[in-house]
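Beneath this line is the structure, given in structure tokens, with notes to follow.
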Amino acid sequence: MTLRSTASRRVRAARTPALSLLFVGSLLAAGAVPAQSATGASPPAEHPAAPNAAAASETVVPASAEDISWSACEGAKAFECATIEVPSDYDEPRGATTEVAVTRLPATDQENRIGSVLVNFGGPGGPGVSGLHTYGEGLFDASVHERFDIVSFDPRAVGTSDPATCFPTAEAEQEFGAKALPLPFTRAQNARFLGEAAVLGATCTLFGGDRIATASTANVARDMDVLRQRLGDDKLTYVGYSYGTILGATYGKLFPENVRALVLDGTVDPRTWTGPAEGELFVARMRQAEAGTETYEEFLRLCVGAGERCALNALGDPAEVVEDVYAALKKEPVEVPAGDGTTVEVGYADLATVAFSSMYDTAYWPLLADYAAELAVLTGVAPAARADALDSGLSISELLRRLGLAEDYESTGGGLASLCVDADFPGRPASYPRKVAALDEQYPHFGLLRGWVGVHCEFISVQDEDAYTGPWEQATEEPVLVVGTRFDPATHYGFTAPYASLWPDARTLTVEGWGHTTINASTCADEAIGRYLISLEADDGAVCEQDRVPFSPEALRDDARPAVPAPRILTQP
């Protein structure tokens, strides 16, 4: 584990976990962020790339582990599971190792099998094993399943791959999250929020610092090259969604000669991801508040046109109703019946989170409208007499389940690991309240929700010396397929062209629709992606329509399914 010095490009709470905890105590006791918590005086230092990283053509595979030992996956009969060991530090390839969990769905036509398609579902911190088990045969066009084994993995420090943990037990982390402030609204709450971020940063350093310190995207890319070799593929065929496009760009930079095909869907410009920050909030660079606002405006526009199919129309102008609900919840949360005789408190942060998450998939837009309409009645924004006009037949707890937001616990550390060692942040925790307030004024609700992303990284005092942060101009000879959705709330469509410009031969595909990435969104896009993966042929500048128009009768699905993770949304666990 390498600790950052005070001359680091990012100021940290202290040099050791123990001192970090003392620093946290002073924050909480004083009720304000002391001036010495951030100096901002030192010039930014860049992450060094691994020696000869860009020139490497192949990672070192341990001689004792050339084949993968597959076995049946528990609870997922169609899949096979395994773990592989990879070097913790590729500068010491024969040294300590870490485990990476892997799963695959075998090709249906083994005689004409081309190879494997590796898939990353985003994050960072998104588990690939459970993700592939969830999407299964619905992930790609049938032609892809015929010709390829579909393979995914939990990146190092994530899920079941030696996860980076921030507390001694999952229960302890859940207890911390339950007591933590969801979002701050006042000066005192800003101080508390920063104090809790410092606590989390210190505990992540204490319990998971050794794993975070080797969790850079560059090391995940090196793991992926080991996996490629262990799968028996001469070159990599890869599909990356959201953060997975950062992983794809990193792999392309480190191993340009090993690329067969890359599908990069929901792109983030890696130059924006890694910085330098120059004092700017991470999410302001990422344009997530802007993207979320643009997509939300489409939600409101299409809601109005949907008439009775959008529940908010029964209560008045949808935009005004939701704004009034936000205002009411900011003053006081409401108690919502949970359906089992108990109640759950719902506040401003809950509505903002549900709204942003629902933007990922238009199938959930009617559910968001139902959720907001129910809250309008419970907060008194809409008269109780209007409740009969809603008639959704679903409780709020059921709406949350349908939206996929009532889920099992996931480790916070896995989401922070790659982000904190890859990206650059302002370096002055005390500046966040002012900067977040400005972002929220520009992009109401989503600026506040997203603006705090990365603040925990200000207090995680480790770095991965092997992280790769540029330059990002690529040298792959094969064409790559870059995909963007017009109204993507998490990865702004405006990144599509700049991302494509980094590659010598990038073919762009635009989906004229709404939501985060193209999974289960467009048959046209699925066919174009399948054609490219099989034949390496793609038309530059192609355009596809989305299958389902939001609020249309066929758009609502009853099954809850996970959305592709955005570049990490974490405010509190």
For the residue pair [X] and [Y], confirm or rule out a side-chain donor-acceptor distance under 3.5 Å.
| X | Y | result |
| --- | --- | --- |
| Glu294 | Tyr493 | no |
| Thr160 | Asp154 | yes |
| Ser522 | Glu545 | no |
| Asp464 | Thr214 | no |
| Asp422 | Ser216 | no |
| Asp223 | Tyr90 | yes |
| Asn120 | Ser152 | no |
| Asp488 | Thr491 | yes |

Show, in sequence, the C-alpha distance, side-chain angles and deciding distance for Arg113 and Asp149, and conclude whether the salt bridge (Lys or Arg N to Asp or Glu O under 4.0 Å) test is met. CA-CA 8 Å; Arg113 175 181 170 276; Asp149 295 341; 2.8 Å; yes
Would you call [X] and [Y] a salt bridge, taking side-chain N to carboxylate O under 4.0 Å as the test?
| X | Y | result |
| --- | --- | --- |
| Arg222 | Asp225 | no |
| Arg285 | Glu280 | no |
| Arg507 | Asp539 | no |
| Arg156 | Asp162 | no |

Is there a side-chain contact between Leu281 and Trp452, using heavy atoms and a 4.5 Å cut-off? no
Close side-chain approach of Cys420 and His456, heavy atoms under 4.5 Å: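 The answer is no; the side chains never approach within 4.5 Å.
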For the pair Asp233 (side chain) and Lys235 (backbone), establish whether a donor and an acceptor sit closer than 3.5 Å, ignoring hydrogens and angles. no
Hey, is the main chain of Ala215 close enough, under 3.5 Å, to the side chain of Ser418 for a donor-acceptor pair?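 Confirmed, Ser418 side chain pairs with Ala215 backbone.
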For Ser71 and Glu80: C-alpha separation, side-chain torsions, deciding distance, then whether side-chain hydrogen bond (donor to acceptor under 3.5 Å, both in side chains) applies. CA-CA 5 Å; Ser71 61; Glu80 297 174 326; over 6 Å; no
State yes or no: are the ring centers of Phe140 and Phe148 separated by less than 6.0 Å? no
Run the ring-centre check on Tyr499 versus Phe495 and record whether the distance is less than 6.0 Å. no
Taking His516 as the fixed residue, which of Phe487, Tyr243, Tyr360 is the one that meets the ring pair (Phe, Tyr, Trp, His ring centres under 6.0 Å) rule? Tyr360
Taking the cut-offs as 6.0 angstrom to the six-membered ring centre and 45 degrees off its axis, would you call Arg450 and Phe356 a cation-pi pair?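 Pair Arg450/Phe356 counts as cation-pi.
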Spatial distance of atom CG (Asp141) from atom SG (Cys524) [nearest 0.5 Å]: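 It comes to 11.0 Å.
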Please step through side-chain hydrogen bond (donor to acceptor under 3.5 Å, both in side chains) for the pair Thr518 and Asp265, ending with a clear verdict. CA-CA 7 Å; Thr518 63; Asp265 186 349; 2.5 Å; yes
